[in-house]
Amino acid sequence: MNYFPLLLLCAALPLWAAETPAGAGQTDVARVLDGLKAVPLYEEDELILLINNNQHLQRVRDRDECQLVQDIEARAEVLRLPSYQFLWGDMLAWGVCVPAEPRRGLQMMWSAARQGMPAALEQLGRYYYTGTLVQQNWERAAPLMQEAASLGFEKAQFTWAAWLLEGAGSPLDYPQAYLWLKQIVTDDKSKYQQAERLTQGLAKRMPAQKVKELNHQLLY
């Protein structure tokens, strides 16, 4: 719960009450308190879901109207919670609710990545791959994306397979990337088709016997 607005209100109540006509104070104070809706801070699972769906910045800026900036910063900088480090880093990197500080933002994302947060690893990998906010560096991008994929982050598994087909990694990486996509469970038809297209591309780059062995593994 974000208590900051409540503290401000409580500090102002004595002065406000002194100017209130006799007999109206309690009723009006109760009405103000009833109308005050403090924005609750995000639960860890909720925030991770927002991040994975790329809705975290929109939530902070548009729905919560930048009311939680101090709480987010504290949980990132003091408590060092990886999900909040990522959120705070993204806010700083792109100037959402705060002045843009790309260098500091990336440092916070790296802090989250070093704690093994898949979304942070995946985003940093993309940034280095495309040259977003940093100098393009495919050699640095590849292990970040592969690590995110190994942690079961579906978005990274799709991206890593696509990168392999573009020349990243090595042929030794093909089998595991193939298995990751073959084991994805989804009711999204477009995602299923994308997985099929990527696994077919990987299969063409491996010996037929190896593909057969991999498909046999999927039966058990």
Side-chain angles (χ1 to χ4, degrees), residues 40-60 62-63 75 81-90 109-130 132 138-220:
L41 203 59
Y42 319 119
E43 296 290 342
E44 189 80 1
D45 291 345
E46 178 190 13
L47 179 53
I48 290 174
L49 183 61
L50 288 170
I51 290 170
N52 291 349
N53 292 330
N54 197 30
Q55 298 172 339
H56 53 295
L57 295 181
Q58 181 182 9
R59 173 68 176 269
V60 171
D62 300 338
R63 178 172 170 179
R75 280 158 179 75
L81 300 175
S83 59
Y84 278 93
Q85 288 178 327
F86 179 87
L87 173 60
W88 180 234
D90 225 9
M109 291 183 205
W110 269 109
S111 295
R114 292 188 182 101
Q115 292 198 61
M117 184 178 181
L121 291 160
E122 186 272 338
Q123 181 153 301
L124 286 170
R126 278 191 292 108
Y127 282 2
Y128 281 105
Y129 196 80
T130 60
T132 302
W138 286 11
E139 291 182 358
R140 197 169 192 183
L144 289 167
M145 190 62 67
Q146 186 177 28
E147 179 66 15
S150 72
L151 293 172
F153 194 39
E154 188 176 279
K155 183 178 179 180
Q157 292 174 342
F158 277 94
T159 301
W160 178 236
W163 284 9
L164 288 173
L165 295 177
E166 292 173 2
S170 77
L172 295 177
D173 299 316
Y174 297 164
Q176 184 59 72
Y178 179 90
L179 289 174
W180 281 333
L181 292 186
K182 280 292 187 181
Q183 293 176 48
I184 283 178
V185 178
T186 178
D187 59 357
D188 186 329
K189 186 175 181 179
S190 63
K191 186 179 291 186
Y192 175 80
Q193 291 173 340
Q194 182 185 9
E196 280 294 294
R197 177 178 59 81
L198 291 170
T199 52
Q200 287 175 11
L202 292 169
K204 291 178 181 178
R205 301 192 178 196
M206 293 184 287
Q209 182 58 35
K210 183 62 177 180
V211 175
K212 184 177 180 180
E213 292 173 3
L214 293 173
N215 288 334
H216 186 71
Q217 289 183 37
L218 296 171
L219 299 176
Y220 300 95

Student: What closest approach, in Å, do G169 and W160 show between heavy atoms, and which atom pair accounts for it?
Tutor: CA-CH2, 4.1 Å

Student: Can you check whether Q58's main-chain N or O pairs, donor with acceptor, with R63's side chain at less than 3.5 Å?
Tutor: no

Student: Testing the basics here: between V211 and A203, what is the closest heavy-atom pair and its distance to 0.1 Å?
Tutor: CG2-O, 3.7 Å

Student: So, the side chain of Q157 versus the backbone of A149: is there a donor-acceptor pair under 3.5 Å, distance only?
Tutor: yes

Student: Are any side-chain N or O atoms of D62 and backbone N or O atoms of R59, one a donor and one an acceptor, separated by less than 3.5 Å?
Tutor: no

Student: State, to 0.1 Å, how close M117 and P82 come at their nearest heavy-atom pair, and which atoms those are.
Tutor: SD-O, 3.4 Å

Student: More than 12 heavy atoms of other residues, nucleotides or ligands under 6.0 Å from CD of E166: is that the case?
Tutor: yes

Student: Taking all heavy atoms of L214 and all of Y178, pick out the closest pair and write down the distance.
Tutor: CD1-CD2, 3.7 Å

Student: Taking all non-hydrogen atoms of both residues into account, name the closest pair between A148 and E122 and its distance.
Tutor: CB-N, 3.8 Å

Student: Going by atom types alone, do D188 and Q194 pair a side-chain donor with an acceptor below 3.5 Å?
Tutor: no

Student: Knowing that exactly one of T159, I184, N52 qualifies, which makes a side chain to side chain contact (heavy atoms under 4.5 Å, CB included) with E154?
Tutor: I184

Student: Is it true that, when you exclude E43 itself, more than 12 heavy atoms of the residues, nucleotides or ligands shown sit nearer than 6.0 Å to its CD?
Tutor: no

Student: Who pairs with F86 by ring-ring contact (aromatic ring centres under 6.0 Å, His included), at least two apart in sequence or on another chain?
Tutor: H56

Student: Distance only, no hydrogens: is a donor on one side chain within 3.5 Å (strictly under) of an acceptor on the other, for Q85 and Q115?
Tutor: yes

Student: Report the C-alpha distance between W138 and Y128 in whole Å, list the side-chain angles of each, state the deciding distance to 0.1 Å, and finish with yes or no for ring pair (Phe, Tyr, Trp, His ring centres under 6.0 Å).
Tutor: CA-CA 6 Å; W138 286 11; Y128 281 105; over 10 Å; no

Student: Would R205 and K210 satisfy side chain to side chain contact (heavy atoms under 4.5 Å, CB included), going step by step from the backbone distance to the final call?
Tutor: CA-CA 10 Å; R205 301 192 178 196; K210 183 62 177 180; over 6 Å; no

